[in-house]
Amino acid sequence: MGSSGVQMVCVALGVMGLIGAIVCCALPLWKVSAFIGNNILTAQDFQDGLWMQCVKQSTGQQQCKVYDSMLELSSDLQAARAMTIISCMLCGLSLLVLFCGADFTTCVQNEDAKPKLSLVAGVGLLLAGLLVIIPVSWSANITVRDFNNPLLLNSQKREMGACIYIGWAAGVLLILAGGLLCCFSRPKSGSSGGTAKYYSNSASAPNKNYV
């Protein structure tokens with residue numbers, strides 16, 4: 001597969017990773033109610049996200065409330081907000097740089113600059129993937145720790161929601177795309193500007209006729 005084919009695959013992986021990161025940031029499915037013990041017959045299902053908390057009734061009705069103050073949130077949610085937003089912005093910017101510096105586009109005419117732009121995009125996608133995996137892993141660790149805490153009531157315990165798994169998948173896709181770009185986006189060794197020309201002694205000077 002040529003460099004243009006690899007870049008097309010990386011664009012597809014990056015777009016899917018960006019969509020997953022946006023979904024992970026927007027949906028209130030980071031923590032959901034844990035149905036254990038006597039809590040299995042509850043009439044309410046609590047869903048916690050980065051921006052709001054939702055309560056779903058057994059009748060199908062759902063009510064959501066935005067968090068009143070960011071300072072009241074736990075440290076993991078505050079960090080998750082910042083990292084997921086930065087990840088989405090960095091991923092979008094990296095895809096734009098990749099699209100401009102790809103071999104299958106003509107946005108950049110300088111062929112020597114295209115590998116450098118692809119390398120920058122690859123590093124950006126790697127960082128975007130890490131910025132997604134870190135907050136979801138942090139939140140998953142806290143959720144598992146609280147679930148195994150015997151001091152908490154069953155009604156207060158939560159399980160990992162769908163956004164945790166979506167975030168992991170999005171992070172893996174972004175890291176894979178960034179890794180492929182970093183491996184295949186190498187500057188060309190041969191350059192027209194560094195080519196040296198050598199001439200023989202007989203051809204170094206113009207022919208002259210002597211009398």
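In this chain, residues are counted from 1 in sequence order.
Listed by chain and number, the residues in a side chain to side chain contact (heavy atoms under 4.5 Å, CB included) with V172 amount to none (sequence neighbours excluded). Not counting sequence neighbours, the partners of L117 by the side chain to side chain contact (heavy atoms under 4.5 Å, CB included) test are V97, V108. For D146, the side chain to side chain contact (heavy atoms under 4.5 Å, CB included) partners are I142, L152, not counting sequence neighbours. Residues satisfying the side chain to side chain donor-acceptor pair (under 3.5 Å) test with N141, not counting sequence neighbours, are none. Remark: D103 engages no residue in a salt bridge (Lys or Arg N to Asp or Glu O under 4.0 Å) (not counting sequence neighbours). S74 is linked by a side chain to side chain donor-acceptor pair (under 3.5 Å) to D76, counting only residues two or more places apart in sequence or in another chain. With sequence neighbours excluded, the residues satisfying side chain to side chain contact (heavy atoms under 4.5 Å, CB included) with L173 are L13, M16. Among residues two or more places apart in sequence or in another chain, the side chain to side chain donor-acceptor pair (under 3.5 Å) test is passed with Q62 by Q47.
Counting heavy atoms from C-beta outward, L130 and I175 have side chains that approach closer than 4.5 Å. Counting heavy atoms from C-beta on, the side chains of Q7 and S118 come closer than 4.5 Å. Two residues are said to be in side-chain contact when any heavy atoms from C-beta on lie closer than 4.5 Å; W51 and C25 meet this criterion. With a 4.5 Å cut-off on side-chain heavy atoms, F46 and V32 do not count as touching. Using a 4.5 Å cut-off on side-chain heavy atoms (C-beta onward), V15 and L95 make contact. Taking 4.5 Å as the limit, every side-chain heavy atom of M83 sits out of range of all side-chain heavy atoms of V132.
For residues 76-99, the set of pairs meeting the ring-ring contact (aromatic ring centres under 6.0 Å, His included) definition, not counting sequence neighbours, is empty. Pairs engaging residues 84-96 under the side chain to side chain donor-acceptor pair (under 3.5 Å) rule: none recorded [sequence neighbours left out]. Annotation: side chain to side chain donor-acceptor pair (under 3.5 Å) contacts involving residues 122-136, sequence neighbours excluded, are absent. Sorted by first and then second residue, the side chain to side chain donor-acceptor pair (under 3.5 Å) pairs involving residues 168-181 (not counting sequence neighbours) are S137-W168.
Taking each heavy atom of A177 and G14 in turn, the nearest pair found is CB-N, 4.2 Å. Taking each heavy atom of D112 and P115 in turn, the nearest pair found is O-CD, 3.5 Å. A102 approaches K114 most closely through the heavy-atom pair O-NZ, 3.4 Å.
Side chain of N149 to backbone of R145: no donor-acceptor contact under 3.5 angstrom is found.
The structure places CG of L126 at 9.5 Å from CG of L180, a figure rounded to the nearest 0.5 Å. Annotation: the span from L18 atom CG to L174 atom CG amounts to 7.5 Å, rounded to 0.5 Å. Atom CG of L90 is separated from atom CG of L131 by 7.0 Å, given to the nearest 0.5 angstrom. A distance of 9.5 Å separates CG in D45 from CD in Q57, rounded to the nearest 0.5 Å. Remark: C10 SG to L125 CG distance equals 7.5 Å, nearest 0.5 Å.
Atom CE of M89 sits in a sparse spot, with 12 or fewer heavy atoms from other residues, nucleotides or ligands closer than 6.0 Å.
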Item to complete: Take V66 and Q53, measure what side-chain contact (heavy atoms from CB on, under 4.5 Å) needs, and give me the verdict at the end.
Response: CA-CA 6 Å; V66 181; Q53 184 182 44; over 6 Å; no
Discussion item. For W30 and C24: C-alpha separation, side-chain torsions, deciding distance, then whether side-chain contact (heavy atoms from CB on, under 4.5 Å) applies.
Written reply: CA-CA 8 Å; W30 283 62; C24 178; 3.5 Å; yes
Worksheet item: Between C163 and V136, does a side-chain contact (heavy atoms from CB on, under 4.5 Å) hold up when you go through it step by step?
Response: CA-CA 8 Å; C163 286; V136 295; over 6 Å; no
Worksheet item: Can you list the steps and then say if L98 with V11 is a side-chain contact (heavy atoms from CB on, under 4.5 Å)?
Response: CA-CA 8 Å; L98 174 58; V11 169; 3.5 Å; yes
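Of the listed residues (K65, R158, K56, K31), just one forms a salt bridge (charged side-chain N to carboxylate O under 4.0 Å, His left out) with D48, and that residue is R158.
Note on L50 and Y165: same hydrophobic cluster, where clusters join Ile, Leu, Val, Met, Phe, Trp and Tyr whose side-chain heavy atoms are under 4.5 Å apart, directly or indirectly. I164 and I19 fall into different hydrophobic clusters, where Ile, Leu, Val, Met, Phe, Trp and Tyr side chains are chained together by heavy-atom contacts under 4.5 Å. Under a hydrophobic clustering in which Ile, Leu, Val, Met, Phe, Trp and Tyr are joined whenever their side-chain heavy atoms come within less than 4.5 Å, directly or via other members, L77 and I133 fall into the same cluster. In this structure, L176 is a member of the same hydrophobic cluster as V6, with clusters built from ILVMFWY side-chain heavy atoms closer than 4.5 Å. A single hydrophobic cluster is not seen to contain both L73 and L71; linkage of ILVMFWY side chains at heavy-atom distances under 4.5 Å, directly or through other members, places them apart.
When the SG-SG distance for C64 and C54 is compared with the 2.5 Å cut-off, it comes out below that value.
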